[in-house]
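Atoms considered below: every heavy atom in the structure, side chains included; atoms not considered: hydrogens, waters and symmetry mates. By convention here, the first residue in the shown sequence is residue 1.
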Amino acid sequence: TTELLSLDTHVDTPQRMLDDGEDLVTGMVGGHLDGPRMKEGGLSGAFFSVFVNPKRFPEGDDAFARALALSKSIRRVAQLHPKEAALCTSEADVRKAHQEGKLALLMGVEGGHALGTTDPELTLKRLRQLFDLGNRYLTITWSVDNPLGHSSSGKHPKRGLTELGKRVVREMNALGMMVDVSHVSDQTFWDIMEVTTKPVIASHSSARALSKHPRNMTDDMIRAVGKNGGAICINYANQF
């Protein structure tokens with residue numbers, strides 16, 4: 001039988017690692033997650049969020065530069081601590097890291113605004129750059145609308161995926177990069193499900209039937225993700 005591993009699909013630790021120079025593996029990181037606590041709690045690995053705060057880094061080249069810097073800061077953990085952590089880009093990598101007693105470090109980009117452009121060809125080029133650095137999912141929107149689509153908490157929550165967003169979803173399918181539907185508007189969700197040919201994930205969502213939050217998944221959405229072969233990963237923040 002295949003051993004079951006424990007993964008967190010969305011943690012925000014990279015912000016502190018990059019800005020404050022803190023060390024994940026040695027436990028010198030503030031907040032709720034670090035290497036010693038991951039091992040103590042039986043957490044095999046996590047997707048570390050490449051999140052660009054649009055208030056600090058408005059859309060444009062600065063936003064994309066921040067995304068690159070965050071991606072490289074996560075890679076640097078594995079470079080500095082090869083005996084304790086491994087950068088993983090596949091299921092096989094995660095299982096190998098677990099067998100060797102290492103923390104599995106995965107990466108996902110939170111929000112298409114991090115691409116920092118409205119130019120279609122540059123958008124796809126930057127998407128591929130982030131994929132090549134090791135990012136294996138892209139959350140189509142964060143809490144704000146962006147050139148790819150509309151957010152559940154953006155200015156136009158009833159609007160959906162843009163034409164550029166559809167191109168990005170198709171490119172992600174081709175690359176083998178997971179489409180993350182957390183944060184998106186309901187219409188963006190349904191547009192994604194119509195376009196994608198691969199399983200999606202909701203990296204940090206919960207059930208709207210239990211908590212009527214616009215970021216949560218309706219029962220119909222949950223069924224659609226199940227039919228798609230995807231996964232919904234629960235957010236334990238109180239408001240969800």
Modelled atom types, side-chain donor and acceptor of S182 and S205, under 3.5 Å: yes
message: Has S71 got a side-chain atom pairing as donor or acceptor with A67's backbone, closer than 3.5 angstrom?
response: yes
query: Going by an N to O cut-off under 4.0 Å, is there a salt bridge joining R136 and D180?
result: no
Sequence neighbours excluded - salt bridge (Lys or Arg N to Asp or Glu O under 4.0 Å) pairs with any residue from residues 230-240: none
message: So, applying side-chain contact (heavy atoms from CB on, under 4.5 Å) with D145, which one of S151, P157, S185, S153 is it?
response: S151
query: Below 4.5 Å, heavy atoms only, C-beta onward: do V169 and I140 meet side chain to side chain?
result: yes
- prompt: Between N235 and A237, is there a donor-acceptor pair closer than 3.5 Å when you use the side chain of the first and the backbone of the second?
  reply: yes
query: Can you find a heavy atom in the side chain of L24 that is under 4.5 Å from one in the side chain of L105?
result: yes
message: Ring-plane angle category for F240 and H213, please: parallel below 30°, perpendicular beyond 60°, tilted otherwise.
response: tilted
field: L127 and L175: CA distance, side-chain angles, deciding distance, side-chain contact (heavy atoms from CB on, under 4.5 Å) verdict
entry: CA-CA 10 Å; L127 178 72; L175 287 170; 4.2 Å; yes
query: Do D191 and T188 have side chains that get closer than 4.5 Å, going by heavy atoms?
result: no
task: Check the surroundings of atom CD in E100: do more than 12 heavy atoms from other residues, nucleotides or ligands lie under 6.0 Å from it?
output: yes
- prompt: Any ion pair linking R37 and E40 (charged N to carboxylate O, less than 4.0 Å)?
  reply: no
task: Flag yes if M38 and L7 sit in one hydrophobic cluster, no otherwise; membership is Ile, Leu, Val, Met, Phe, Trp, Tyr, and two members link when side-chain heavy atoms are under 4.5 Å apart.
output: no
Between OG on residue S90 and CG on residue L106, distance to nearest 0.5 Å: 8.5 Å
field: Any donor-acceptor pair under 3.5 Å from S152 side chain to H183 backbone
entry: yes
field: Test item: K198 side-chain N/O and M178 main-chain N/O as donor-acceptor pair under 3.5 Å
entry: no
- prompt: Any side-chain heavy atom of N173 sitting closer than 4.5 Å to one from V179?
  reply: yes
- request: Would you check if the side chain of S73 reaches a backbone N or O of M17 as a donor-acceptor pair within less than 3.5 Å?
  value: no
- request: Decide yes or no for M221 and T218: does some side-chain heavy atom of the first lie under 4.5 Å from some side-chain heavy atom of the second?
  value: yes
task: Mind checking the NE2-CZ spacing from H113 to F57? Nearest 0.5 Å is all I need.
output: 10.5 Å
query: If you measure from the Lys or Arg side-chain nitrogens to the Asp or Glu carboxylate oxygens, is any gap between R126 and D61 under 4.0 Å?
result: yes
query: Would you say F64 and M177 are hydrophobically clustered, going by side-chain heavy atoms of ILVMFWY under 4.5 Å?
result: yes
task: Decide whether F48 and M28 are clustered together by the hydrophobic rule: side chain heavy atoms of Ile, Leu, Val, Met, Phe, Trp, Tyr closer than 4.5 Å, transitively.
output: no
- prompt: About how many Å separate CG of L130 and CG of L138, when rounded to the nearest 0.5 Å?
  reply: 8.0 Å
Over all atoms of both residues, closest heavy-atom pair of A97 and A86: CB-CB, 4.1 Å
Salt-bridge contact R167-E121 (side-chain N to carboxylate O under 4.0 Å): yes
message: Strictly below 4.0 Å, N to O, side chains only: are R128 and E171 in salt-bridge contact?
response: yes
side-chain contact (heavy atoms from CB on, under 4.5 Å), paired with Y137, selected from H10, M172, E110, M107: H10
- line: Here the pair of heavy atoms bringing S203 nearest to C233 is O-CB, 3.4 Å
- request: Would you mind reporting whether L103 and V77 have side-chain heavy atoms less than 4.5 Å apart?
  value: no
task: Given side-chain contact (heavy atoms from CB on, under 4.5 Å), test I222 with D219 step by step and report yes or no.
output: CA-CA 5 Å; I222 292 169; D219 285 2; 4.3 Å; yes
Exceeds 12 heavy-atom contacts within 6.0 angstrom, atom CD of Q239: yes
message: Measuring from atom CG of L210 to atom CE of M217, what distance do you get when rounded to the nearest 0.5 angstrom?
response: 13.5 Å
message: Please check: side-chain N/O of T123 versus main-chain N/O of T118, any donor-acceptor pairing under 3.5 Å?
response: no
statement: CZ (R215) and CG (D186) are apart, to the nearest 0.5 Å, by 13.5 Å
- prompt: So do the side chains of H98 and E3 get within less than 4.5 Å of each other, counting heavy atoms only?
  reply: yes
message: Same cluster or not: F47 versus L133, using hydrophobic residues (I, L, V, M, F, W, Y) connected whenever any side-chain heavy atoms lie under 4.5 Å apart?
response: no
Presence of salt bridge, D93 and K96, under 4.0 angstrom: no
task: Kindly indicate whether the side chain of T13, heavy atoms from C-beta on, has any atom under 4.5 Å from the side chain of R16.
output: yes
task: Report the C-alpha distance between L148 and L115 in whole Å, list the side-chain angles of each, state the deciding distance to 0.1 Å, and finish with yes or no for side-chain contact (heavy atoms from CB on, under 4.5 Å).
output: CA-CA 10 Å; L148 308 186; L115 297 169; 4.2 Å; yes
- request: Test R66 against D19 for salt bridge (charged side-chain N to carboxylate O under 4.0 Å, His left out), laying out the working first.
  value: CA-CA 11 Å; R66 175 71 171 181; D19 292 338; 3.0 Å; yes
message: With side chain to side chain donor-acceptor pair (under 3.5 Å) as the criterion, how do T196 and N228 come out once you've worked through the C-alpha distance, each side chain's angles and the decisive distance to 0.1 Å?
response: CA-CA 9 Å; T196 188; N228 162 266; 5.0 Å; no
query: Is there a path from I201 to L43 through hydrophobic residues (I, L, V, M, F, W, Y) whose side chains come within less than 4.5 Å of each other?
result: no
Rounded distance (nearest 0.5 Å) linking atom CZ of R208 with atom CG of N216: 7.0 Å
task: List, by chain and then residue number, the residues other than F51 in its hydrophobic cluster (Ile/Leu/Val/Met/Phe/Trp/Tyr, side-chain heavy atoms under 4.5 Å); write none if there are no others.
output: W142, V144
message: As a quick check of understanding, evaluate side-chain contact (heavy atoms from CB on, under 4.5 Å) for F189 and L161, giving each step before the final call.
response: CA-CA 8 Å; F189 171 85; L161 200 63; over 6 Å; no
